[in-house]
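Here the structure is a predicted model, which is why all the values come from computation and not from measurement. Reckoned from all heavy atoms, side chains included, excluding hydrogens, waters and symmetry mates.
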Amino acid sequence: VLLAYGYYNIPLAYVLMRSALSGVSTATEAAAQLLGANRWQRFRHVLLPQLRLAIVGTAGIIFLYSFTSFILPLQLGGVHGQTMEVWLYQQIYLYHQPTLALVAATLQWLILLVVMTGLVLVQPKHLAAKYVPVITAASNWPWTILRVLPTTIILLPLISLVSKVVTTISASDISTLYYSQFNAALLRTIGVAVVVLLISIGVALVFRLGTKFGLLLLSISPITASFIWYQLFGKGYFSLVGALVLSVLPITALILHQARQRYGRSIIQTSQVLGAGTWERFKLEYRLQLPAIRSVAILGGILVLGDASISTNLAHYQQP
């Protein structure tokens, strides 16, 4: 379970930390390099202090996702490795104890709310990014190895999976896959993903959702969200899309808010002073947010395509 959690959350940590790195002032690092500081000294005394809040925030978000994870501990935890989310699923959908599950879900939400409140308190009020040219020293082989090694470790399971498929797959397997419900299920999943992303990105852009709102939604676990939508609307695509929006909207709000902090409000305010209407300002903000929207589309699409907990509870069995 621990290995799977780490492997699963590396891409999320990369996206969030990369976004934070793009807003770090490079002036002090350039000055330290001119003064003779080596790579470790620049990292320890210049870069790390500027990233502490981002590291804390990223760690908190990964904690929230891990605390509410369902499918990994269900598949890998065994009898003795059940987490609270697996226990909630059993009480709701197997033992039909909604009252007991509601009490436990409330307790879980309060725990996550405490974590979310701590994350809100450590968020910086303003990110002032100043970009200056950085002198790049010649790369040496130890640092090259350190950069290549994590990528290699991450790719090894994927390479082993692909090689196993290539060496074991047969024509009958492909034929069985083609005549099964896989194609229809894939098309339904892509359709649901597109609808969820359009709603999530549209809501985050129009209502300018911030970090606090995103963290608040993160405090609602997928099983709890699916339970709420199941009680209100039953199984079906309407419930499925609504619960998945609750799952994707937090990361959408966080990434778009970080991008909004980088270019600041001055550009939008200047366009308003120059006579731009509401629609023109929205189009301007959309163009400024386009790189972040691409990141949201990729990451949100992965979350929807790889979802198991919400879709298991809300999708129709005859239309998987």
Side-chain angles (χ1 to χ4, degrees), residues 1-22 39-40 43-44 47-48 51 54-83 85-86 136-174 176-178 180 182-183 185-186 189-190 193 197 218 222 247-248 250-251 254-255 291 294-312:
V1 172
L2 290 175
L3 287 173
Y5 274 167
Y7 190 84
Y8 180 77
N9 285 296
I10 284 173
L12 177 61
Y14 169 75
V15 171
L16 295 176
M17 291 304 301
R18 184 174 180 270
S19 180
L21 275 168
S22 64
R39 288 177 181 269
W40 169 249
F43 173 77
R44 172 68 180 83
L47 185 62
L48 190 59
L51 289 176
I55 291 172
V56 171
T58 302
I61 292 172
I62 291 176
F63 172 82
L64 291 172
Y65 272 123
S66 299
F67 193 77
T68 59
S69 176
F70 167 70
I71 199 66
L72 289 180
L74 178 66
Q75 292 182 328
L76 302 176
V79 178
H80 303 291
Q82 293 182 354
T83 59
E85 200 76 343
V86 176
T136 304
S139 178
N140 48 39
W141 64 267
W143 287 97
T144 303
I145 292 176
L146 286 177
R147 286 196 297 267
V148 172
L149 186 60
T151 305
T152 306
I153 294 174
I154 293 170
L155 290 178
L156 278 177
L158 298 178
I159 294 172
S160 65
L161 178 64
V162 171
S163 62
K164 185 176 181 180
V165 170
V166 170
T167 54
T168 59
I169 195 169
S170 64
S172 61
D173 295 324
I174 298 176
T176 302
L177 184 66
Y178 179 78
S180 67
F182 172 76
N183 293 330
L186 178 61
T189 305
I190 293 174
L197 289 172
L218 273 178
S247 177
V248 174
I251 198 67
L254 291 171
I255 293 177
R294 293 194 188 103
S295 298
V296 168
I298 294 171
L299 188 58
I302 291 172
L303 290 175
V304 175
L305 292 173
D307 174 74
S309 57
I310 294 176
S311 57
T312 298

- Please name all residues satisfying ring pair (Phe, Tyr, Trp, His ring centres under 6.0 Å) with F63, sequence neighbours left out, ordered by chain then number. F67
- Query: For S311, which residues count as a side chain to side chain donor-acceptor pair (under 3.5 Å) partner, sequence neighbours excluded?
  - Reply: D307
- Item | With L177 via side-chain contact (heavy atoms from CB on, under 4.5 Å) - residues at least two apart | S180, F182
- Task: Taking side-chain contact (heavy atoms from CB on, under 4.5 Å) as the test, write out the residues that go with A4, two or more places apart.
- Result: L72, L76
- Task: Output the distance between atom OG1 (T58) and atom CZ (R18), rounded to the nearest 0.5 Å.
- Result: 14.0 Å
- Residues which pass side chain to side chain donor-acceptor pair (under 3.5 Å) with R294, listed by chain and number, not counting sequence neighbours: none
- Excluding sequence neighbours, so at least two apart, what forms ring pair (Phe, Tyr, Trp, His ring centres under 6.0 Å) with Y65? none
- Item | Heavy atoms from other residues, nucleotides or ligands near CG of L3 exceed 12 (cutoff 6.0 Å) | no
- Task: Could you tell me the separation between the CD1 atom of I174 and the CD1 atom of I169, rounded to the nearest 0.5 Å?
- Result: 4.5 Å
- Message: With heavy-atom distances below 4.5 Å as the criterion, would you say the side chains of Y5 and Y8 are in contact?
- Response: no
- P222: side-chain contact (heavy atoms from CB on, under 4.5 Å) partners, not counting sequence neighbours: T68, E85, S309, I310
- Item | Listed partners of I55 passing side-chain contact (heavy atoms from CB on, under 4.5 Å), at least two apart | M17, L48, L51
- Exercise: identify the closest heavy-atom pair between I62 and A13: CD1-CB, 3.9 Å
- Item | Reported OG-to-CG distance for the pair S163 and L161, which is rounded to 0.5 angstrom | 7.5 Å
- Message: Side chains of I251 and L12, heavy atoms from C-beta outward: is any pair under 4.5 Å?
- Response: yes
- Sorted by chain and number, sequence neighbours left out, side chain to side chain donor-acceptor pair (under 3.5 Å) with S170 holds for S172, D173
- Task: Please say which of N9, I61, T83 ends up in a side chain to side chain contact (heavy atoms under 4.5 Å, CB included) with S66.
- Result: N9
- Using the test side chain to side chain donor-acceptor pair (under 3.5 Å), find all partners of Y7 that sit at least two apart in sequence or belong to another chain. none
